[in-house]
Amino acid sequence: MGAGGPDEEDNRWPPWLKPLLRESFFGHCKFHADSHKSECNMYCLDCVNGPLCSLCLAYHKDHRAIQIRRSSYHDVIRVNEIQKHLDITGVQTYIINSARVVFLNERPQPRPGKGVTNTCEVCERSLLDSFRFCSLGCKIVGTSQNPLKRMRARLMGSDSEDSYSSSSHGRFSNNKVQSFSPSTPFPTSANYRMAKRRKGIPHRAPMGGLIIEY
């Protein structure tokens, strides 16, 4: 392939990184379901065969294994673990439970806070001035040599949220943002009146995230 082709793009990252970011952790291991240690929060970088529980690690002796942790329903990994295997330059780190961590995937926020001067180049989460990305996933997309992939990452969030601005800068409008995915239908006078009659009934917001193609 020529410069910037798919092969070159994939070779920029370890073969385990993109599969890692697509995994769902903290489920129960189907092989050790009866054990109190069956939570799958481990990952083998050599086998790349999905989340593992601590008991599964017996079959991955001498392999490179990392532990995924959770903060506010988002997956994180400690810096001292991941930096042995991956360059995390430009990704903001956070101190959680006395340990410095990085987030695996994006965490979009409705709008930057007042006075914010620096945001993630992909999902626009507020960052300290010395960083470019809020997560490993955003770094993959933001440093991609494929401009269409970077544009698609922004537009996927825009298409699924009717209050997200369609301007080229990707800034948010003045409407209240409830979620990125699934989309929220436009309010009408009928459902507005219904909402007023049912005041006090809690509604659980849909959980979703900005869809990013790796």
Side-chain angles (χ1 to χ4, degrees), residues 6-29 32 37-109 118-146 149-150 153 157 180 207-214:
D7 292 342
E8 180 179 339
E9 187 77 23
D10 289 339
N11 290 336
R12 297 180 63 231
W13 308 105
W16 49 262
L17 180 56
K18 292 180 181 180
L20 168 67
L21 299 182
R22 297 189 188 106
E23 294 290 356
S24 296
F25 292 91
F26 301 97
H28 290 287
C29 178
H32 306 101
K37 297 181 179 181
S38 64
E39 187 176 64
C40 292
N41 62 345
M42 308 296 296
Y43 193 80
C44 180
L45 305 184
D46 295 314
C47 297
V48 193
N49 58 345
L52 307 170
C53 74
S54 58
L55 298 177
C56 289
L57 291 182
Y59 302 96
H60 298 264
K61 187 177 180 180
D62 300 326
H63 289 189
R64 298 173 300 164
I66 58 175
Q67 182 176 354
I68 305 302
R69 304 168 193 273
R70 180 158 287 184
S71 174
S72 301
Y73 304 102
H74 294 279
D75 295 338
V76 303
I77 184 171
R78 286 184 174 177
V79 169
N80 60 7
E81 285 191 64
I82 192 63
Q83 68 183 1
K84 299 175 183 177
H85 314 290
L86 182 70
D87 178 12
I88 60 172
T89 301
V91 181
Q92 179 159 324
T93 61
Y94 301 83
I95 297 179
I96 299 175
N97 294 331
S98 302
R100 189 168 292 277
V101 303
V102 292
F103 284 84
L104 267 61
N105 288 300
E106 77 288 343
R107 298 173 299 130
Q109 61 186 17
N118 186 42
T119 61
C120 176
E121 295 179 9
V122 175
C123 71
E124 298 191 340
R125 170 166 284 274
S126 302
L127 300 177
L128 297 177
D129 290 340
S130 57
F131 297 101
R132 297 175 58 193
F133 309 106
C134 71
S135 63
L136 301 180
C138 284
K139 180 174 181 176
I140 290 180
V141 176
T143 58
S144 172
Q145 298 178 12
N146 185 345
K149 183 177 291 187
R150 295 197 300 270
F180 282 78
M207 296 182 66
L210 176 63
I211 301 174
I212 288 182
E213 178 182 341
Y214 297 123

Value rounded to 0.5 Å, distance of [atom1] in [X] from [atom2] in [Y]:
X: Phe25; Y: Glu39; atom1: CZ; atom2: CD; result: 11.5 Å
X: Met42; Y: Leu57; atom1: CE; atom2: CG; result: 4.5 Å
X: Ser72; Y: Phe103; atom1: OG; atom2: CZ; result: 6.5 Å
X: Cys53; Y: Lys37; atom1: SG; atom2: NZ; result: 10.0 Å
X: Ile96; Y: Arg70; atom1: CD1; atom2: CZ; result: 12.5 Å
X: Ile82; Y: Leu20; atom1: CD1; atom2: CG; result: 6.5 Å

Would you check if [X] and [Y] make a side-chain contact, meaning some heavy-atom pair closer than 4.5 Å?
X: Asn118; Y: Leu128; result: no
X: Val48; Y: Tyr43; result: yes
X: Asn105; Y: Asp75; result: no
X: His85; Y: Leu17; result: no
X: Ile68; Y: Phe26; result: yes
X: Thr143; Y: Trp13; result: yes
X: Glu106; Y: Val122; result: no
X: Val102; Y: Lys139; result: no

According to salt bridge (charged side-chain N to carboxylate O under 4.0 Å, His left out), who are the partners of [X], at least two apart in sequence or on a separate chain?
X: Arg69; value: Glu81
X: Arg132; value: Glu121
X: Arg100; value: none
X: Asp87; value: none

Query raised in the report: Does Arg107 make a cation-pi contact with Tyr94 (under 6.0 Å, within 45 degrees of the axis)?
Result: yes
Search all heavy atoms of [X] against all heavy atoms of [Y] and return the closest pair with its distance.
X: Gly137; Y: Leu21; answer: CA-CD1, 3.6 Å
X: Trp16; Y: Leu86; answer: CH2-CB, 4.1 Å
X: Cys40; Y: Pro51; answer: CB-CB, 3.7 Å

Query raised in the report: What residues, two or more places apart in sequence or in another chain, satisfy side-chain hydrogen bond (donor to acceptor under 3.5 Å, both in side chains) together with Asn41?
Result: none
Report task. Could you walk me through whether Val101 and Ser71 pass side-chain contact (heavy atoms from CB on, under 4.5 Å), step by step? Result -> CA-CA 10 Å; Val101 303; Ser71 174; 6.0 Å; no
Query raised in the report: More than 12 non-hydrogen atoms from neighbouring residues, nucleotides or ligands closer than 6.0 Å to CG on Asp129, yes or no?
Result: yes
Query - His74 atom NE2, over 12 foreign heavy atoms within 6.0 Å - result: yes
Query raised in the report: Restricting to pairs with a member in residues 41-51, which pass salt bridge (charged side-chain N to carboxylate O under 4.0 Å, His left out), not counting sequence neighbours?
Result: Asp46-Arg64
Query raised in the report: Do Ser38 and His32 have a side chain donor and acceptor closer than 3.5 Å?
Result: no
